[in-house]
Student: 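Mind having a look at this structure? Questions to follow.
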Amino acid sequence: MANSKYEYVKSFEVEDKIMLPSMIVVAIDGRNFRRFCEDHMFKKPRDKQALKLMKSCAAAVMIEYPDVIFSYGFSDEYSFILKKNPSFTRDVKGHLNNLYDTCVCELVQKREVKTEIEAHEFLKVEDVIKYKENGDPVKRLRRKVMKFRSDNIAGKSFWNQHLSLVSELGRVDEDIHKVRPEYLESFQFQDKLMPFTWIVVRIDGCHFHRFSDVHKFKKPNDEQALNLMNSCAAAVLQEFQDIVFAYGVSDEFSFVLNKDSKLYERNASKIVSAIVSFFSSKYISKWNEFFMEKEMEYPPSFDGRAVCYPTSKILRDYLSWRQVDCHINNQYNTCFWTLVDFKERTSGHQNKRCKSEAQNELKGTQTEQKNDLLTKYGIDYTALPDIFRLGSCVFRDKEIVIEHCNIIDDGFWEAHPWILGNEPYPGNTKWE
Ligand SMILES: Nc1nc2c(ncn2[C@@H]2O[C@H](COP(=O)(O)OP(=O)(O)OP(=O)(O)O)[C@@H](O)[C@H]2O)c(=O)[nH]1
Ligand SMILES: [Mg+2]
Ligand SMILES: [Mg+2]
């Protein structure tokens, strides 16, 4: 689907792939975790249950992402090591070949060391990881995650004992404690975002096609699901004062940080991971507020990326691009599901043919033809709720508000000049 004069903004998305054949380590660390531990009365100095919870989450990460071959954690942090040539293609063949042992390590005090190995068998179970366009399931064999309690991962003997790791990571020649920390730090990927530019963090639900199917979201738009997304975005604005505006549609949200923001010294991974993680936690904790009668079958996850836009004009073009995309997708989906619904009702049964026929009928149609089609089926597109047609804006106007308005035309920005920093916030005497 071609998209408008605004599409040029894509050229600001810089390539941020990590050079091959580097080994990637993703280190995560609890944000403001001291407060979290106090609020939840964790035992001091170490809460065994909390450590177990961390360990169980790390194991879940390794099952979800088979490219992670080793992880190591203590306190509120975990490091995940990815194999040298990450696949990230979730096809069956690749993953059938990917059946190898992995382990999750947990640091324990020397006194507590147990040599016993706790092995969890997940083998020989096939999980459906997603569905193809034609509805066929894509399956993957579950992996075996081994958990070790060990104090000696800094010694070469540990590594050299585990042959499955050696084949992925290579043999270890030196004891790790002999390596200087400065040497290790020199490998840290510096991803500072350009100063004095608008930073946009766009997050997007991972495999939401499946998530919305499993949770039987209404088609093409589920208002409660969108309200949940909006409420999470409002919580993000409450938490991160540097975010001045957010725009959301479907399973995505774009968060705009103030041009002068110094959040995490403009370190991209930190900013993105903090927002994505906060948003995901909120989505899970707020679920029951929006879906009282629907249990969450499994927790969703989101991914994210940060892009810098040098001027307000380009930032606005970015937001216009997303809103045009919202319109194009919504119009298409409304037509598609109207056709499918009609075909299913008239043929008396649900089948794949209805979907492919609807797809063929819509191929190559322009806006006007789509509107005509909807009129034929008694639908006035312009009368559909704004939240579906325009997406959602979240911003501060004395308090944090959620609105569904046209952000392409000047009107919105003229009515809210403080968002892009041209005026102080309403009710504030000082500039924010
Ligand atoms: N039924 C329903 N589905 C929705 C709704 N909002 C989002 N979705 C689904 O979520 C998908 C979002 O699209 P994408 O983000 O491109 O696809 P994805 O499945 O999340 O895949 P990745 O983002 O690549 O992980 C849509 O294609 C829909 O299937 C909704 O309100 N109702
Ligand atoms: Mg998605
Ligand atoms: Mg999406």
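Each residue takes its place number in the sequence, starting with 1. First listed ligand is number 1; within each ligand, the first listed atom is number 1.
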Student: So what's ligand 1 close to, N/O to N/O, under 3.5 Å?
Tutor:
residue  : atom   : partner : partner atom : Å
ligand 1 : 1 (N)  : F217    : O            : 3.4
ligand 1 : 1 (N)  : K218    : O            : 3.1
ligand 1 : 3 (N)  : S212    : OG           : 3.3
ligand 1 : 15 (O) : D204    : OD1          : 3.1
ligand 1 : 15 (O) : D204    : OD2          : 3.4
ligand 1 : 15 (O) : D251    : OD1          : 3.2
ligand 1 : 15 (O) : D251    : OD2          : 2.9
ligand 1 : 19 (O) : F208    : N            : 3.2
ligand 1 : 19 (O) : H209    : N            : 2.9
ligand 1 : 20 (O) : G205    : O            : 3.0
ligand 1 : 20 (O) : F208    : N            : 2.7
ligand 1 : 20 (O) : D251    : OD2          : 3.0
ligand 1 : 23 (O) : D204    : OD1          : 2.7
ligand 1 : 23 (O) : G205    : O            : 3.1
ligand 1 : 25 (O) : H207    : N            : 2.7
ligand 1 : 29 (O) : H209    : ND1          : 2.8
ligand 1 : 31 (O) : D222    : N            : 2.8
ligand 1 : 32 (N) : K218    : O            : 2.9
ligand 1 : 32 (N) : P220    : O            : 3.4

Student: Look at the aromatic rings of F217 and H215 and report parallel, tilted or perpendicular, splitting at 30° and 60°.
Tutor: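 It falls in the tilted class, 30° to 60°.
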Student: Would you please indicate yes or no on a ring centroid separation below 6.0 angstrom for Y318 and F12?
Tutor: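 Not under 6.0 Å, so no.
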Student: Restricting to under 2.8 Å, identify the protein N, O or S atoms around the Mg ion (ligand 3) as residue plus atom.
Tutor: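 Listed by chain and number, the nearby protein N, O or S atoms are D204 OD2, D251 OD1.
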Student: Any cation-pi pair here, R322 with Y6, using under 6.0 Å and within 45°?
Tutor: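 No, a cation-pi geometry is absent between R322 and Y6.
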Student: As a quick check of understanding, evaluate side-chain hydrogen bond (donor to acceptor under 3.5 Å, both in side chains) for N330 and N333, giving each step before the final call.
Tutor: CA-CA 5 Å; N330 186 55; N333 290 336; 5.8 Å; no
Student: Just grab all the side chain to side chain donor-acceptor pair (under 3.5 Å) pairs involving residues 278-290, residues at least two apart or on different chains.
Tutor: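 Sorted pair list: S231-K286.
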Student: Checking side-chain contact (heavy atoms from CB on, under 4.5 Å) for the pair Y377/L339: CA distance, chi angles, key distance, verdict?
Tutor: CA-CA 9 Å; Y377 286 91; L339 283 174; 3.4 Å; yes
Student: Measuring from T375:OG1 to E368:CD, what's the distance to the nearest 0.5 Å?
Tutor: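 It comes to 10.5 Å.
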Student: Between W321 and V324, is the side-chain contact (heavy atoms from CB on, under 4.5 Å) condition met? List the steps.
Tutor: CA-CA 5 Å; W321 173 50; V324 170; 5.8 Å; no
Student: With a 3.5 Å cut-off and sequence neighbours excluded, list the donor-acceptor pairs that the side chains of residues 26-39 form with protein atoms.
Tutor:
residue : atom : partner : partner atom : Å
R31     : NE   : Y264    : OH           : 2.9
R31     : NH1  : E239    : OE2          : 3.1
R31     : NH2  : E239    : OE2          : 3.0
R35     : NE   : D39     : OD2          : 3.3

